[in-house]
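Quick note: residue numbers are just sequence positions, from 1. Only this structure's heavy atoms are used, side chains among them; waters, hydrogens and symmetry mates stay out.
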Amino acid sequence: MTRVWQWNRPVTVREVLEDLQQERSIAYTTVMTVLDNLHQKGWVRREVEGRAYRYTAVSTRAAYSAALMNEAWAQSDNPAAALIAFFGMMSQEQREALNDAIRIVQRDVPEAPPVAPATPPAAAAAPAPAESAQVTEGGGTAEAGREAPGDQADEARGGSGR
């Protein structure tokens, strides 16, 4: 796939073979099998040209990388914590690239009119807590210094609260 993405044009088995043979010994049938497998999996499309096929990438390497990241993130039981950990692993250059990407996305997204949050009247009347919110293992947020609703209900029933 690397060669197909790098060249960004339809390629033949022979072209890929000759390029790979500059680095190592590899058989024509091996390259042909790999490209056929990529075609069967939907990664490349192919068109007949004479007695050979020309293979073209279905998507870009960037789109493939984005799909991998999205799949990994979607499988997390705590997406916010996964993102925080991922951002913590980034180099300064990667963080700058991320900031550039966010600016591009924000510039390209049309601004929607502000929408008032749909809060129940009782919640709207409660004063906002001074403590900061923390991401919990379940993916939600919990405010520092406050008990979870389940703890309050347990105490109301005469339980220990823990």
Side-chain angles (χ1 to χ4, degrees), residues 1-120 123 128-129 131-144 148-150:
M1 263 325 286
T2 298
R3 297 305 193 279
V4 177
W5 280 324
Q6 281 176 341
W7 296 337
N8 197 27
R9 62 173 174 79
V11 299
T12 64
V13 171
R14 176 74 53 201
E15 291 172 320
V16 175
L17 173 72
E18 289 172 358
D19 192 59
L20 288 172
Q21 284 179 333
Q22 293 176 15
E23 299 171 13
R24 62 188 171 116
S25 176
I26 189 168
Y28 180 93
T29 54
T30 301
V31 177
M32 182 176 65
T33 299
V34 169
L35 284 169
D36 184 59
N37 288 342
L38 290 170
H39 174 257
Q40 289 178 19
K41 291 179 179 185
W43 289 64
V44 295
R45 71 177 64 89
R46 67 183 179 193
E47 296 178 13
V48 176
E49 184 177 286
R51 293 178 48 202
Y53 287 113
R54 284 215 172 258
Y55 295 88
T56 308
V58 170
S59 68
T60 65
R61 185 176 210 143
Y64 169 72
S65 296
L68 283 178
M69 289 186 285
N70 187 52
E71 182 179 331
W73 186 46
Q75 292 185 16
S76 173
D77 61 346
N78 187 344
L83 282 175
I84 291 168
F86 179 65
F87 296 155
M89 295 176 192
M90 291 180 155
S91 68
Q92 183 60 35
E93 294 81 21
Q94 290 170 321
R95 284 192 293 275
E96 289 170 6
L98 175 63
N99 285 330
D100 291 343
I102 290 170
R103 278 192 291 277
I104 290 168
V105 169
Q106 287 175 338
R107 181 185 66 211
D108 292 347
V109 174
E111 287 191 37
V115 177
T119 56
E131 296 92 1
S132 63
Q134 298 175 348
V135 177
T136 65
E137 285 193 342
T141 59
E143 294 169 4

Checklist entry - Between Trp73 and Met69, is a side-chain contact (heavy atoms from CB on, under 4.5 Å) present by the stated rule, with each step listed? => result CA-CA 6 Å; Trp73 186 46; Met69 289 186 285; over 6 Å; no
Checklist entry - Roughly how far, to the nearest 0.5 Å, is the CE atom of Met89 from the CD1 atom of Ile84? => result 12.0 Å
Next on the checklist: Does Glu23, at its CD atom, have more than 12 non-hydrogen atoms belonging to other residues, nucleotides or ligands within less than 6.0 Å?
Outcome noted: yes
Item to check | Atom pair CG/CZ of Leu98 and Arg95 - distance to nearest 0.5 Å | outcome: 9.5 Å
Item to check | Value rounded to 0.5 Å, distance of CZ in Arg45 from OH in Tyr53 | outcome: 15.5 Å
Next on the checklist: Could you tell me if the side chain of Gln94 sits less than 4.5 Å from the side chain of Phe87, heavy atoms only?
Outcome noted: no
Checklist entry - Mind checking what makes side-chain hydrogen bond (donor to acceptor under 3.5 Å, both in side chains) contact with Gln6, not counting sequence neighbours? => result none
Checklist outcome for this item: Rounding to 0.5 Å, atoms OG1 (Thr56) and CG (Asn8) come to a distance of 9.5 Å
Checklist entry - Should Glu15 and Arg54 count as an ion pair when the cut-off is N to O under 4.0 Å? => result yes
Item to check | Derivation of the side-chain contact (heavy atoms from CB on, under 4.5 Å) call for Thr12 and Tyr55 | outcome: CA-CA 6 Å; Thr12 64; Tyr55 295 88; over 6 Å; no
N/O donor-acceptor pairs under 3.5 Å from side chains in residues 30-42, not counting sequence neighbours:
{"from": "Thr33", "atom 1": "OG1", "to": "Thr29", "atom 2": "O", "distance (Å)": "2.8"}
{"from": "Asp36", "atom 1": "OD1", "to": "Arg46", "atom 2": "NH1", "distance (Å)": "2.8"}
{"from": "Asp36", "atom 1": "OD2", "to": "Gln40", "atom 2": "NE2", "distance (Å)": "2.8"}
{"from": "Asn37", "atom 1": "ND2", "to": "Thr33", "atom 2": "O", "distance (Å)": "3.4"}

Checklist outcome for this item: Trp5 meets the ring pair (Phe, Tyr, Trp, His ring centres under 6.0 Å) criterion, sequence neighbours left out, with Tyr64
Next on the checklist: Please evaluate residues Asp19 and Trp7 with respect to the criterion side-chain contact (heavy atoms from CB on, under 4.5 Å), reporting the C-alpha separation (whole Å), side-chain torsions for both, the decisive distance (0.1 Å), and the verdict.
Outcome noted: CA-CA 11 Å; Asp19 192 59; Trp7 296 337; 3.5 Å; yes
Checklist entry - Taking atom types as modelled and ignoring hydrogens, do the side chains of Gln92 and Glu96 form a donor-acceptor contact shorter than 3.5 angstrom? => result yes
